[in-house]
> 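Take this structure first; my questions come after.
In this chain, residues are counted from 1 in sequence order. Side-chain atoms are counted along with the backbone in the values below, which use heavy atoms only and exclude waters and symmetry mates.
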Amino acid sequence: QWLAGELSAPDLRILDATWFLPSEGRDAAAEFAAGHIPGAVFFDINAIADTSNSLPTMLPSPEQFAAQIGALGIANGNRIVLYDNAPHHTATRAWWMLHSFGIDAAILDGGLAKWKTEGRSLLSGKRTPTPATVAVHPNTALVRTLDQVKANLTSHAEQLVDARSAVRFTGQEAETRPGLVGGHIPGSANIPYSTFFNPDGTWKHLPTLRLLFEDEGIEVERPVIATCGSGISAAVVVFALHLLGHPAALYDGSWTEWGADPTTPKATGAA
């Protein structure tokens, strides 16, 4: 309701950050063109990525990110609202990317599905936004590398939370990407990203979010590194902790990098 009332505000920018796994056979850009929230532009997670890296959807350089979101019409001082229409709640990935470069944003609770359920208006087609200039300020505290996660296995300075399904975490289900063994980073807790949401796709209440962490032995006041398959759904964990008032880091390479590296230790079975 708030967003519907603000659609004509000149400083508002709406970004559709829908993203699908290649195996899902869905085209996020085509679905955006078929129907989106009025005024929205498409935030392409596949394109706004470090294309020089063999790993998928890795965080781009500050220069690339500033150029690409500037081309979407984003300027400093804009109020940004993110949403998606994906089962992986990929607006959180776009939110984490923006925050990693010092840009604040909000997420539309329930996403496009709730917007449609409430009978709100949609537009089709695509529009070309007026390009803008935006300054970015990288915050490396929100990003973890392979070497940093390796070092944490000894220091135990940060808690590890894996957002993948239980069967992938334990290694019961084979990984779909070639060259990846099953399992998880030793010492990780497993909190599947889907558990943070109500059946209608809205976020669970804060006390429930806190319990989800505590039930797996995670102290929300202590530092956390979130991980998943390729750094997408791990952002759900980071945003959940953000809602609880605690910043967290995201291991961008996640299991796609860790599982393919012969030098990394792997664990299977329950946490």
Side-chain angles (χ1 to χ4, degrees), residues 1-20 27-49 57 59-86 88-139 142 197 200-203 232 235-236 238-240 242-243 245 247:
Q1 183 177 359
W2 177 91
L3 182 58
E6 293 287 318
L7 288 181
S8 61
D11 65 333
L12 183 71
R13 300 292 182 270
I14 307 171
L15 300 177
D16 182 322
T18 301
W19 177 91
F20 301 113
D27 185 331
E31 291 190 18
F32 171 84
H36 55 264
I37 294 175
V41 295
F42 184 60
F43 184 105
D44 190 341
I45 288 174
N46 285 327
I48 306 176
T57 64
L59 199 66
S61 69
E63 296 76 16
Q64 179 187 338
F65 190 76
Q68 287 182 300
I69 65 166
L72 295 179
I74 302 296
N76 297 108
N78 287 156
R79 292 181 297 160
I80 302 169
V81 175
L82 300 158
Y83 75 89
D84 65 69
N85 192 36
H88 322 289
H89 303 276
T90 51
T92 58
R93 171 70 188 191
W95 172 88
W96 172 78
M97 293 174 72
L98 288 162
H99 268 245
S100 297
F101 290 111
I103 299 171
D104 195 19
I107 290 179
L108 180 64
D109 198 18
L112 187 65
K114 193 167 191 297
W115 183 270
K116 288 180 174 179
T117 298
E118 294 179 356
R120 302 191 184 278
S121 61
L122 296 173
L123 285 182
S124 60
K126 296 181 180 179
R127 67 180 183 86
T128 302
T130 302
T133 301
V134 60
V136 298
H137 305 281
N139 183 356
L142 300 180
F197 300 94
D200 67 352
T202 56
W203 288 82
I232 301 291
V236 171
V238 176
F239 191 75
H242 168 75
L243 291 175

> Using the rule given for side chain to side chain contact (heavy atoms under 4.5 Å, CB included), can you reason through Thr90 versus Ile45, listing the C-alpha separation, both sets of side-chain angles and the distance that settles it, and then say yes or no?
CA-CA 9 Å; Thr90 51; Ile45 288 174; 4.0 Å; yes
> A side-chain contact here means heavy atoms from C-beta on lying under 4.5 Å apart; do Lys114 and Asp109 qualify?
no
> Can you find a pair of side-chain heavy atoms, one from Val134 and one from Asn78, that are under 4.5 Å apart?
no
> With distance as the sole criterion, is a donor-acceptor pair present between the side chains of Trp19 and Asn46 under 3.5 Å?
yes
> Excluding sequence neighbours, so at least two apart, what forms side-chain contact (heavy atoms from CB on, under 4.5 Å) with Ala71?
none
> Minimum heavy-atom separation for Ala40 and Phe32, please, with both atom names.
O-CZ, 3.3 Å
> State which residues pass ring pair (Phe, Tyr, Trp, His ring centres under 6.0 Å) with Phe20; sequence neighbours excluded, sorted by chain then number.
none
> So do Phe42 and His36 actually touch side chain to side chain, heavy atoms under 4.5 Å?
no
> For a 4.5 angstrom cut-off between non-hydrogen side-chain atoms, does Val41 reach Leu15?
yes
> So, for Val136 and Ala66, which heavy atoms are closest and what is the spacing to 0.1 Å?
CG1-CB, 3.9 Å
> Would you give the length of the straight line joining atom CZ of Phe43 to atom CD1 of Ile74, rounded to the nearest 0.5 angstrom?
9.0 Å
> For Ser61, which residues count as a side-chain contact (heavy atoms from CB on, under 4.5 Å) partner, sequence neighbours excluded?
Glu63, Gln64
> Identify, with sequence neighbours excluded, every residue that meets ring pair (Phe, Tyr, Trp, His ring centres under 6.0 Å) alongside Trp203.
Phe197, Phe239
> With sequence neighbours left out, write down each residue that passes side-chain contact (heavy atoms from CB on, under 4.5 Å) with Ala105, or none if nothing qualifies.
Ile80, Leu82, Trp95, Leu98
> Going by the rule side-chain contact (heavy atoms from CB on, under 4.5 Å), which residues pair with Leu7 if we only count those two or more places apart in sequence or in a different chain?
Leu3, Ile14, Ile37, Pro38, Trp115
> Give the minimum heavy-atom separation between Pro62 and Pro138, together with the two atoms involved.
CG-CG, 3.5 Å
> With a 4.5 Å cut-off on side-chain heavy atoms, are Met97 and Leu59 touching?
yes
> Could you measure the distance from the OG1 atom of Thr133 to the CG atom of Asn76? Nearest 0.5 Å is fine.
9.0 Å
> Check the surroundings of atom CD in Glu118: do more than 12 heavy atoms from other residues, nucleotides or ligands lie under 6.0 Å from it?
yes
> So which heavy atom on Ala9 is nearest to which on Arg79, and how close?
CB-NH2, 3.3 Å
> Do you know the tightest heavy-atom contact between Asp16 and Thr18?
OD1-OG1, 2.7 Å
> Val81 versus Trp2: any side-chain heavy-atom pair under 4.5 Å?
yes
> When rounded to the nearest 0.5 angstrom, what distance separates CG in Leu142 from NE2 in His99?
8.5 Å
> If you look at every heavy atom in Arg120 and Gln1, which pair is closest and at what distance?
NH2-CA, 3.5 Å
> As a quick check of understanding, evaluate side chain to side chain contact (heavy atoms under 4.5 Å, CB included) for Leu122 and Leu112, giving each step before the final call.
CA-CA 10 Å; Leu122 296 173; Leu112 187 65; 3.8 Å; yes
